[in-house]
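Before any comments, here is the structure.
In the text below, chain A, chain B and the rest are named by the order of the sequence lines, each starting its count at 1. Keep in mind that this is a model prediction, so the values were computed, not measured.
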Number of protein chains: 2
Amino acid sequence: MNIGEAAKASGISRKMIRYYEEIALLQPGRTANGYRVYGPQDIHTLRFIGAARRLGFSVADVKALLALWQDRSRSSADVKRLTDGHITALRARVAELNAMIGTLETLAGACDGDARPHCPIINRIASTADPSSA
Amino acid sequence: MNIGEAAKASGISRKMIRYYEEIALLQPGRTANGYRVYGPQDIHTLRFIGAARRLGFSVADVKALLALWQDRSRSSADVKRLTDGHITALRARVAELNAMIGTLETLAGACDGDARPHCPIINRIASTADPSSA
DNA sequence: CTTGACCTTCCCATTGTGGTAAGGTTCAGG
DNA sequence: CCTGAACCTTACCACAATGGGAAGGTCAAG
């Protein structure tokens, strides 16, 4: 299987497959002419990477997960620790975004959205920014 | 006021102040020796930028907001449209993250987190990735 | 006049992804 | 046998937003 077929089989672009190889997430073989060759295990690895990425793990985390996956003597505690840290980060991010959404909804709700210039949204940003109000 | 003072007054790093100038969000003056000079209006602009960034607006959006802020004949509809689009994007992002969190919580809840290798988290990622299950 | 704290520009790194160009290979059809 | 399409390779550039650092100029206080 060459890289194009691997891309189709794994759902990961050629570009990203080469990138993952570059950062040592997988080591496909090479044919005599220099073409990369992918076996079933490589496809499985690529799909593992895709699944972990869809769960929001960073590529660095995916690298760690891959190592744990391939380590028969791993401790599930290590996987759980990594996952819990990720969940915590995701929750923090969601909290940030929700705070923004809350503020923005309030402001947008107070904005007439008509042809006149008066706008609570702009006013609020500007007054938060007003040095004389600091 | 030179850039160091402007950074303190606005809460924006020297680095970012120069970057915002580079992308034309503000045009500070220069002294004879080439030092940037910031007046009260520049500080206000920088704080406006900071306030908008804290609400999650992209720098491109901030540029648009700045233009609207400075446009006395703006329509509040334009501001609202921009804001509503941003809110929609934020909500979509939150939904994505919450979906990840939900899955991860389930998996982490089923993981013993002990010294043994058995781990539902890894298993789930690997089975999602299993080409024979596709 | 030196020293330290500024300032300037320019380049590099990050994260994850896409694009593009220049060149080699392989295969099918005429 | 030749040509063109459809692959493959490497090596760059780009994005968004931020930080780091080097090399050099400037200024104010002592």
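- Going from atom CE of A/Met16 over to atom P of C/dG19 covers 12 Å, rounded to whole Å.
- Look at B/Arg81 and B/Asp78 and you find a salt bridge, because one of the NZ, NE, NH1 or NH2 atoms lies within 4.0 Å of a carboxylate O, short of that distance.
- Put simply, A/Leu68 and A/Ile23 are part of the same group of oily side chains (I, L, V, M, F, W, Y) that touch within less than 4.5 Å, one to the next.
- Between the OG1 atom in A/Thr45 and the CD1 atom in A/Ile17 there is a gap of 11.5 Å [rounded to 0.5 Å].
- Judged by closest nucleotide on DNA chain D, B/Ala60 is the one of B/Ala60 and B/Lys15 placed further toward the 5' end.
- Taking atom OH of residue A/Tyr38 and atom C1' of nucleotide D/dT9, one finds them 11 Å apart after rounding to whole Å.
- The nearest whole Å value for the distance from the CZ atom in A/Phe57 to the P atom in C/dT15 is 17 Å.
- Remark: C1' of D/dA11 and CZ of A/Arg14 are 18 Å apart, rounded to the nearest angstrom.
- Remark: C1' of C/dC7 and CE of B/Met1 are 16 Å apart, rounded to the nearest angstrom.
- Using a 4.0 Å heavy-atom cutoff across all strands shown, B/Arg18 reaches at least one base atom of the nucleic acid.
- Under 3.5 Å, the side chain of B/Tyr35 and the base of D/dG25 form at least one donor-acceptor pair of N or O atoms.
- Taking atom CD1 on A/Ile17 and atom C1' on C/dG19, their separation rounds to 17 Å, with Å as the unit.
- Rounded to whole Å, atom C1' of D/dA17 lies 13 Å from atom CD1 of B/Ile49.
- More than 12 heavy atoms of other residues, nucleotides or ligands lie within 6.0 Å of CZ in A/Arg74, so this atom counts as buried by the packing criterion.
- Of the residues in residues 20-33 of chain B, those lying under 4.0 Å from DNA chain D by heavy-atom distance are B/Tyr20, B/Asn33.
- Checked against salt bridge (charged side-chain N to carboxylate O under 4.0 Å, His left out), B/Arg30 has the following partners two or more places apart in sequence or in another chain: B/Glu21.
- For A/Asp112 and B/Ser76, the side-chain atoms include no donor-acceptor pair closer than 3.5 Å.
- Close to C/dG18, at under 4.0 Å from its OP1 or OP2, lies a side-chain N or O of A/Ser13.
- Here D/dA17 presents its P atom at 11 Å from NZ of B/Lys63, a figure rounded to the nearest Å.
- Identified under the side chain to side chain donor-acceptor pair (under 3.5 Å) test for residues 97-110 of chain B, with sequence neighbours left out: A/Arg91-B/Glu105.
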